[in-house]
Structures are given as C-alpha cells and as structure tokens.
Participant: 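Have a look at the structure that comes next, please.
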Amino acid sequence: MIRVRFAPSPTGALHIGGAHTALFNYLFAKRLEGKFILRIEDTDKERSSKEYEEVILESLKWMGIEWDEGPYYQSQRLDLYREKANELLQKGLAYECFCTPEELKERREMMVKMGRPPKYDGRCRDLSEDQKRDFRAKGLKSVLRIRIPDGKSFLRDAVKGDVSFANDSLGGDMVIMKSDSYPTYNFAVVVDDIDMDITHVIRGDDHLTNTFKQMIIYKAFGKELPKFAHIPLLLGPDKAKLSKRHGAESVLEYKEMGYLSDALFNFLSLLGWTPKEGQEIFSRDELISMFCLAKLNSNPAVFDMKRLDWMNSQYIKNMDDQNLFYLAKAFYDKAGIEVVKDDFTLKAINLGKVRARTLQDLVIGTKYFFVEPELSAEEMDSINSNNSTALLLEKFLELLNNGYDSHMDLENKSREMVASLNLAFKDLVHPLRLLVTGMKVGPGLFEIVDALGKDIVIRRVSKFLNDA
RNA sequence: GCCUCCAUCGUCUAGGGGACUAGGACAUCGCCCUUUCAAGGCGGAAACAGGGGUUCGAAUCCCCUUGGAGGUACCA
C-alpha cells in the first residue's frame with residue numbers, strides 16, 4: 001500500500017508552493033490507490049497558530065485535495081518522540097549537549113569568519129558523568145544530539161536521480177531534541193514517517209539537505225528508507241523562490257480573486273509536469289490517471305499569472321451557466337449586488353463569461369444587469385456631441401416597442417432604420433451601449449438589449465432623452 | 001564562504017544520439033471576423049548559456065566555465 005503525506009507547519013497560510021507539493025502527493029496517491037495522510041507539524045511553539053492551521057485545512061479542501069487520514073498533530077505525539085529519542089540515547093547513538101544557543105552562534109560566526117563551513121564541533125560528544133552533573137548544577141539545560149558518522153550518503157531520488165552528499169558537510173552532530181524537550185523538525189519527521197508507514201516522501205527541493213540528515217536518523221533506527229522525490233520549487237517572476245514578496249501567494253487569496261479551484265488545480269499540475277503533449281486543459285480525473293512521478297521535471301518553474309488567467313478564463317467560459325452562478329454568487333454578494341438564480345441572471349452570466357478571466361471580472365462585466373449604470377459627465381458629453389443621436393435613439397425605442405423575433409432580427413431592423421436615415425450604424429450603437437450598460441465594451445449590443453429586456457432598456461434610454 | 005540542485009523561445013514546456021529547417025501552449029505582434037471589447041480562426045517574431053570533449057553524427061552523453069536557485073539553526 002502506497003502511503004504519502006503532506007506535512008505543513010501552521011506558521012502561515014497554505015501558499016502556492018505548498019499547494020503544488022500537496023497536489024503532487026495527492027495525484028500520486030490517487031493514481032496508485034494509496035493513502036494521502038495529512039500531518040500538522042506544529043513543533044514550533046512560538047510560531048504555530050490554530051488560525052493558520054484552519055486556513056491550511058480550508059485551503060486544501062477548496063483545492064479539492066482531500067486527505068484519507070489525519071490530520072495528525074505533532075504536538076500531540078511528544079511522548080513518542082521522547083521515547084524514540086531515549087532509545088537512541090540508550091544505544092549511545094545520541095548524547096546530551098550543554099552548549100548554549102549563544103555559544104553555538106558565536107562559534108559558528110567565528111568559523112565563517114575564518115573561512116570555514118559552520119559546523120558543530122562535537123565537544124559534548126564524550127562528556128563524563130561528572131561533567132554532566134556540573135553542567136546541570138549550573139542550571140544548564142541539555143539538548144540531545146545524534147552522532148553523525150563519517151562517510152558519504154547516497155540517495156536515489158525519483159525525480160533528481162542519484163545524488164550523493166558528504167556527511168561531513170551536514171553541519172556536525174545535529175540536535176534531535178530541543179532543550180524544551182520538543183523534537184526538532186528533522187527528528188519528528190523521521191519518527192512520524194516511520195510510525196505512519198510512509199512509503200514515499202514527495203516534498204520540495206528545499207528539503208534535499210534535510211533528507212540526508214534524515215537518512216542518518218533512519219539508519220540509527222535501523223529502518224528502511226522510504227522512496228524520496230524532491231520536486232522543484234516554484235519561482236516568482238524574478239526567479240527567486242515564490243514568496244510573499246511576489247504578491248498573492250496564499251491559496252485562499254486566489255480563491256478570493258476569483259480563480260476557480262479546478263483551474264488552479266490544472267495550472268499547478270502543469271508546473272513541472274507535462275501529462276501529454278498538445279493538451280493544456282485536463283480534468284482532475286485525467287490528471288490522476290496520467291500521473292507519473294518519473295516524468296516530473298527536475299528544473300524549477302516560474303509561476304506565471306498570465307497563464308493562470310488564461311486557464312481560468314477557459315474554465316469560466318466552458319462552464320455551464322448554472323454552475324457558474326453558484327460559484328459567482330459569493331462575488332456578487334461581496335460587490336453588494338443582489339442576484340437570484342433566474343433566467344435573467346443566467347443570461348447575464350452567459351453573456352459575460354466569454355470575456356471574464358476571473359469571477360471578479362464576471363461580476364464587473366455583468367453589473368449593469370442588476371444596477372443602473374451611472375455615466376460620467378465626460379461620457380454624457382460624448383453622447384451629446386452628435387446631434388443625430390437623439391433621433392436614432394428615439395427611432396430605436398420605436399422599433400423595440402414594435403417587437404422583434406430575435407436579437408438578430410432586432411439588429412437587422414436597426415440597421416435598416418439607420419440606413420433609411422442615411423446615418424452611420426455606429427452612431428446608434430455606441431451611445432446606446434453606453435446608456436444601457438455604462439460601458440464602452442462588452443457583448444454584442446443586441447444580445448444585451450434582448451437579455452436585459454425591453455423595459456429596462458426603454459427606461460435607461462428614455463431617462464437620457466427626457467433629461468436632454 | 002562551503003555543500004547540493006538546476007540550465008531549450010519573455011513564461012510553462014516537447015525533446016532522452018540521426019525523424020530538428022528545434023514542436024506546442026501562455027504572453028506578444030499582424031490579419032480575418034466585427035457596433036466595441038473579448039472569444040474564435042489564420043499568420044509572424046521568439047530559444048538549445050559558453051567552451052571543450054565522446055561520436056560518422058549531440059539540444060540530447062561526459063568535463064569545465066558561467067549563470068540561477070536552494071540549503072547551511074535548540075525554524076519548519
């Protein structure tokens with residue numbers, strides 16, 4: 001049974017990079033009918049918060065990344081880590097260290113200054129019982145460090161291929177239990193991954209060094225390694241690791257901007273992976289059925305908003321009007337526009353969806369269906385500047401009152417009318433559009449008029465004619 | 001500094017020794033359509049970082065250089 005995990009730490013919202021990692025874990029698990037486990041890594045007492053944790057769960061749900069097990073909380077598994085750490089202590093594979101953070105920092109800086117790589121010097125490796133007693137008597141708290149053996153470690157990574165790493169450059173014997181008797185990240189991860197029978201660890205490239213540290217811990221426990229897959233990081237336009245500096249980065253922010261979960265899911269899947277040449281739009285099921293770890297790219301990808309916009313617009317324009325309504329409802333609400341699901345609203349959505357990149361765009365582009373447009377003085381002037389406008393509008397209202405079969409029919413009748421007056425068609429269309437929608441751009445005018453209905457159009461046009 | 005990873009159009013990528021005149025998509029430009037803006041259709045411009053090898057033959061394999069990224073904590 002394949003078992004993978006996504007293990008965010010609740011020290012911030014779920015960001016796009018995290019979602020990308022979660023997504024690949026999810027696709028992999030689904031493809032091989034395995035389990036996707038969610039684990040909250042909240043061993044940083046200072047920075048972890050319940051709020052962030054909730055945001056992460058909500059983000060995953062919105063993305064449609066459902067977990068099969070968990071969430072497990074590391075903060076509730078402290079006894080296990082202590083027990084396992086003690087095991088290593090008993091075996092002599094770990095030892096107590098009384099160096100203070102200040103001392104360590106000082107020594108590190110010194111080493112860097114001397115042009116040497118910063119590394120713990122192992123001075124507490126072989127303390128005598130007397131020495132330890134002295135330290136404790138002075139009130140010093142100890143951490144537990146694991147001994148890092150000499151030599152080189154080899155990793156067969158599912159996406160990177162073979163990587164080797166000298167244990168010597170791992171930074172010296174590493175801390176596994178902090179002085180507050182909480183486990184460190186690397187230790188808790190390994191204890192949990194072993195305990196939870198994780199078979200494949202799929203995580204960001206930035207963990208590559210951690211993997212080599214963790215391999216030491218696996219070895220200390222005499223456990224088999226899971227398969228590792230380090231997927232490339234997502235980059236911002238400046239090619240640096242995607243972060244807050246690049247603007248929107250949290251998953252929920254994309255939701256609020258009006259991106260569809262399906263579109264983001266699709267878009268993120270194609271960052272670092274090509275399921276099939278010549279196709280860009282894939283359903284979740286297609287992505288799951290085609291997923292293959294070995295086909296992931298090993299080079300990092302830039303997160304391109306323009307491409308996301310395009311993909312989102314594809315999903316919007318191909319979605320049926322009813323479903324789009326359900327998704328857009330929240331955005332109308334937020335804009336203070338009251339909408340109900342009726343033919344009128346669905347027609348508005350149908351006309352608007354072709355030119356919307358986001359749900360926000362859709363709301364802006366269909367607002368005039370629900371709210372009387374307001375024209376600026378400048379726009380009024382532009383309408384008034386042509387002295388045949390009033391005549392054209394009056395004639396148009398007559399046509400409208402006389403009835404028509406379809407928007408095509410109405411358009412033909414309008415063209416004939418304008419031609420009979422020897423005037424230009426655009427002199428009718430542009431002012432009419434502005435009066436009816438308050439905008440200079442949008443769907444076909446006669447489709448709008450038809451969808452809006454006679455009453456609304458007559459009201460908006462007459463208001464202008466009467467004021468003039 | 002040291003360690004590790006990475007390197008094809010601006011961006012996402014196809015490519016795993018000859019099918020490459022390097023293909024597709026987004027973005028961009030032009031044209032068509034047209035009452036506008038989109039959408040759609042058609043077309044254009046646009047890349048193998050550089051240098052050495054290996055080979056009859058290299059975008060593809062190896063090495064070096066350069067560039068970029070990540071890591072280097074009692075953070076995760």
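Proteins get letters first, then strands, A, B, ... in listed order; numbering begins at 1 in each. Treat the numbers as computed from the prediction; the structure is a model and nothing was measured.
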Participant: Are A:Gln279 and B:U13 close enough that a side-chain N or O sits under 4.0 Å from OP1 or OP2?
Facilitator: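 Negative; the distance criterion is not met.
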Participant: Students often get this wrong, so: under 4.0 angstrom with heavy atoms, is A:Glu447 touching a base, only sugar-phosphate, or nothing?
Facilitator: nothing
Participant: Spell out yes or no: do the side chain of A:Ser179 and the base of B:C74 have one donor N/O and one acceptor N/O closer than 3.5 Å?
Facilitator: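 Yes, a donor-acceptor pair under 3.5 Å.
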Participant: Which listed nucleotide (B:C74, B:A25, B:C6) is nearest to the side chain of A:Lys160?
Facilitator: B:C6
Participant: Tell me whether the centres of the aromatic rings in A:Tyr72 and A:Phe6 are closer together than 6.0 Å.
Facilitator: no
Participant: Any side-chain N or O of A:Lys45 below 4.0 angstrom from OP1/OP2 of B:C75?
Facilitator: no
Participant: When rounded to the nearest Å, what value does the distance between C1' atoms of B:G50 and B:U8 take?
Facilitator: 15 Å
Participant: Taking the nucleotide of RNA chain B with the closest heavy atom to each, which residue, A:Asp206 or A:Val429, is nearer the 5' end?
Facilitator: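 The residue closer to the strand's 5' end, by nearest nucleotide, is A:Val429.
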Participant: Would you mind classifying the nucleic acid contact of A:Pro101 as base, sugar-phosphate or nothing, using non-hydrogen atoms under 4.0 angstrom?
Facilitator: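 Answer is base: heavy atoms of A:Pro101 come under 4.0 Å of a base.
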Participant: Using a 4.0 Å heavy-atom cut-off, does A:Gly442 contact any base of the nucleic acid, only the sugar-phosphate backbone, or nothing at all?
Facilitator: base
Participant: When the aromatic ring centroids of A:Phe154 and A:Phe165 are compared, is their separation below 6.0 Å?
Facilitator: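 They do not qualify: ring centres at least 6.0 Å apart.
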Participant: Just compare B:C6, B:A76, B:A38 and give me whichever is closest to any side-chain atom of A:Val354.
Facilitator: B:A38
Participant: Looking at B:A73, I'd like to know if its phosphate oxygens (OP1 or OP2) sit under 4.0 Å from a side-chain N or O belonging to A:Arg108.
Facilitator: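 For B:A73, OP1/OP2 do have a side-chain N/O of A:Arg108 under 4.0 Å.
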Participant: Just compare B:U11, B:A7, B:A76 and give me whichever is closest to any side-chain atom of A:Asn210.
Facilitator: B:A76
Participant: Could you tell me how far B:G68 sits from B:C9 if I compare only their P atoms? Round to whole Å.
Facilitator: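 Result for the P pair: 16 Å, nearest Å.
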Participant: Just call it for A:Cys99: base, sugar-phosphate, or nothing, with non-hydrogen atoms closer than 4.0 Å on any strand.
Facilitator: base
Participant: Looking for any heavy atom pair under 4.0 Å, which part of the strands does A:Ser164 touch: base, sugar-phosphate only, or nothing?
Facilitator: sugar-phosphate
Participant: By the 4.0 Å heavy-atom rule, please label A:Lys241 as base, sugar-phosphate, or nothing.
Facilitator: sugar-phosphate
Participant: Heavy-atom distance under 4.5 Å between the side chains of A:Met319 and A:Lys353, does that happen here?
Facilitator: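 SC-SC contact between A:Met319 and A:Lys353 ruled out.
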Participant: Does A:Glu416 come within less than 4.0 Å of A:Lys413, counting only side-chain N to carboxylate O?
Facilitator: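 No.
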Participant: So, OP1 or OP2 of B:A76: does either fall under 4.0 Å of a side-chain N or O from A:Lys178?
Facilitator: yes
Participant: Can you see if the side chain of A:Thr100 gets near the phosphate of B:C74 - specifically, an N or O under 4.0 Å from OP1 or OP2?
Facilitator: no
Participant: Quick check for you: among B:C5, B:A73, B:A14, whose closest atom lies nearest to any side-chain atom of A:Asp205?
Facilitator: B:C5
Participant: Between B:A14 and A:Thr274, is there an OP1 or OP2 to side-chain N/O distance shorter than 4.0 Å?
Facilitator: yes
Participant: Just checking A:Phe303 against A:Phe267, ring centres under 6.0 Å apart?
Facilitator: yes
Participant: Under a 4.5 Å cut-off applied to non-hydrogen side-chain atoms, are A:Arg5 and A:Trp67 in contact?
Facilitator: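 They are not in side-chain contact.
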Participant: Tell me which nucleotide among B:G1, B:C26, B:C6 gets nearest to the side chain of A:Trp310.
Facilitator: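 Nearest to the side-chain atoms of A:Trp310, counting from C-beta on, is B:C26.
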Participant: Quick one: label A:Leu445 by what it contacts on the DNA or RNA (base, sugar-phosphate, nothing), any heavy atom closer than 4.0 Å.
Facilitator: base
Participant: Please pick, from B:G10, B:U13, B:A38, the nucleotide with the shortest atom-to-atom distance to any side-chain atom of A:Arg355.
Facilitator: B:A38
Participant: Distance between the P atoms of B:G41 and B:A58, in whole angstroms?
Facilitator: 39 Å
Participant: Need one value for A:Lys317: base, sugar-phosphate or nothing, where a base atom within 4.0 Å counts as base even if backbone is also close, heavy atoms only.
Facilitator: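 Sugar-phosphate contact only.
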Participant: Considering only B:A76, B:U11, B:U36, which nucleotide approaches the side chain of A:Arg433 most closely?
Facilitator: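 The closest nucleotide is B:U36.
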Participant: What integer number of Å spans the C1' atoms of B:U54 and B:C62?
Facilitator: 7 Å
Participant: Need to verify one output field. Residue with the more 5' nearest nucleotide on RNA chain B, A:Arg145 or A:Val112?
Facilitator: A:Val112
Participant: Please walk me through it: do A:Tyr120 and A:Arg125 pass side-chain contact (heavy atoms from CB on, under 4.5 Å)?
Facilitator: CA-CA 11 Å; A:Tyr120 174 64; A:Arg125 260 191 167 201; 5.8 Å; no
Participant: Does any N or O donor sit under 3.5 Å from an N or O acceptor when you compare the side chain of A:Glu277 with the base of B:G23?
Facilitator: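 Yes.
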Participant: Please state the C1' separation for the pair B:A38 and B:A76 - nearest whole angstrom.
Facilitator: 45 Å
